[in-house]
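Note that the numbering runs from 1 along the sequence shown for the chain.
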Amino acid sequence: MTEKSADTCIEFDDVVAGYKDFMILNNLSFQVPKGSITLLIGPNGAGKSTVLKTLFGLLKPRQGKVLLNGKDITGASQKALLADGIAFVPQGRNLFGQLSVYENLELGGITLGMKTTHERIPEVLEFFPRVKERMNSRASALSGGEQKQLEIGRALLLRPKVLLIDEPSIGLSPLVVLDVFRLLRKLADQGTTVLMVEQNVKSALKFSDNAIALESGRMVLYKSAAEILADPQMERLFLGGAHTTGSAAS
């Protein structure tokens, strides 16, 4: 792994985390550069989603530190992490289906206050013209792609410095998935740091800057996305054989 630099946004330092006596992350250390899309890859159970949950304070590390721009945020509350500029879009659908699109956005900005939320909603909806057209529709009436866009929009209300997103392509058509990846790329190019877990690895790599491969809760590979796309061992790596490719350093 490269040495820590002033451009490091997220850092895991020797993190051990899990549930009860079952540890999922095992002495995990890595760094994520500012304004990049970093993709977490590896087999099921490798700890990818657990990284996001640990970073967002849903799971407290048993050991080690989590840092944001050099600040220790280990075990901080979600409220504190939101204030620090971290937003999380988890797997699945996390909307209030009986409420309208607009009402869901209002709830997303509850920590901002209504005045600020109402000022920012039009700005966020410019990213999602299809959702904007259905502002008064119930969230449950939106297509899967529109619902995912609404979830991302709700996170963007906070103008996050860091966006954590877990499996954004689940249940979406290939065209909508590309729209989501293009949006994430645009956000990163504008300075947002994106840490993503995605099952559609090859497509996600095309929009990412770096990838971290995990196996049994440890980092086994850290390379640029372009290097991994060009790696003849890529298929084996995604099936869990990353340790066979050699050094974990890049």
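A donor-acceptor contact shorter than 3.5 Å is absent between the side chain of S169 and the backbone of V177. Side-chain N or O atoms of Q78 include one that pairs as donor or acceptor with a backbone N or O of G57 at under 3.5 Å. At distances below 3.5 Å, at least one donor-acceptor pair connects side-chain atoms of S140 with backbone N or O atoms of G97. Side chain of T54 to backbone of T50: a donor-acceptor contact under 3.5 angstrom is found. Using modelled atom types, no side-chain atom of T117 and backbone atom of E106 make a donor-acceptor pair closer than 3.5 Å. At least one donor-acceptor pair under 3.5 Å links the side chain of Q147 to the backbone N or O of L142. In this structure, R120 contributes its side chain and L157 its backbone to a donor-acceptor pair below 3.5 Å. No donor-acceptor pair closer than 3.5 Å links the side chain of K161 to the backbone N or O of K34. When atom types are taken as modelled, the side chain of D13 and the backbone of G64 share no donor-acceptor pair closer than 3.5 angstrom.
Here the side chains of I228 and L205 are in contact, with some heavy-atom distance below 4.5 Å. With a 4.5 Å cut-off on side-chain heavy atoms, F181 and P168 count as touching. At least one side-chain heavy atom of T38 sits under 4.5 Å from a side-chain heavy atom of I212. In this structure the side chain of M196 never reaches within 4.5 angstrom of the side chain of L52, judged on heavy atoms. Side chains of L158 and T111 form a contact here, defined as non-hydrogen atoms less than 4.5 Å apart. Residues V32 and T193 have side chains in contact (heavy-atom distance under 4.5 Å, counting atoms from C-beta outward). You'll find the side chain of L156 reaches within 4.5 Å of the side chain of L187, heavy atoms only.
We find that D179 and R182 are joined by a salt bridge, their nearest charged nitrogen and carboxylate oxygen being less than 4.0 Å apart. Salt-bridge formation is not detected for the pair R138/E103: no Lys NZ or Arg NE/NH1/NH2 atom is positioned less than 4.0 Å from an Asp or Glu carboxylate oxygen. Ion pairing between K148 and E151 holds under the 4.0 Å rule for side-chain N and carboxylate O. Classification of D84 and K79 as a salt-bridged pair fails, no side-chain N sitting under 4.0 Å from a carboxylate O.
No continuous path of ILVMFWY side-chain contacts below 4.5 Å connects V16 to L55, so the two sit in separate hydrophobic clusters. Under a hydrophobic clustering in which Ile, Leu, Val, Met, Phe, Trp and Tyr are joined whenever their side-chain heavy atoms come within less than 4.5 Å, directly or via other members, L28 and Y19 fall into the same cluster. Residue L112 is grouped with residue L82 when hydrophobic side chains (ILVMFWY) are merged at heavy-atom distances under 4.5 angstrom, including chains of intermediate members. Cluster annotation: V15 is not connected to M23 through the hydrophobic network of ILVMFWY side chains, with a link wherever side-chain heavy atoms come within less than 4.5 Å.
When only modelled atom types and interatomic distance are considered, S224 and E227 share a side-chain donor-acceptor pair under 3.5 Å.
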Full working for side-chain contact (heavy atoms from CB on, under 4.5 Å) between F127 and K186
CA-CA 10 Å; F127 286 107; K186 182 176 182 179; 4.1 Å; yes
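Below 30°, between 30° and 60°, or above 60°: for Y102 and H118 the angle between ring planes is below 30°, a parallel geometry. Using a 30° and 60° split on the angle between ring planes, F88 and F56 fall in the tilted class, from 30° to 60°.
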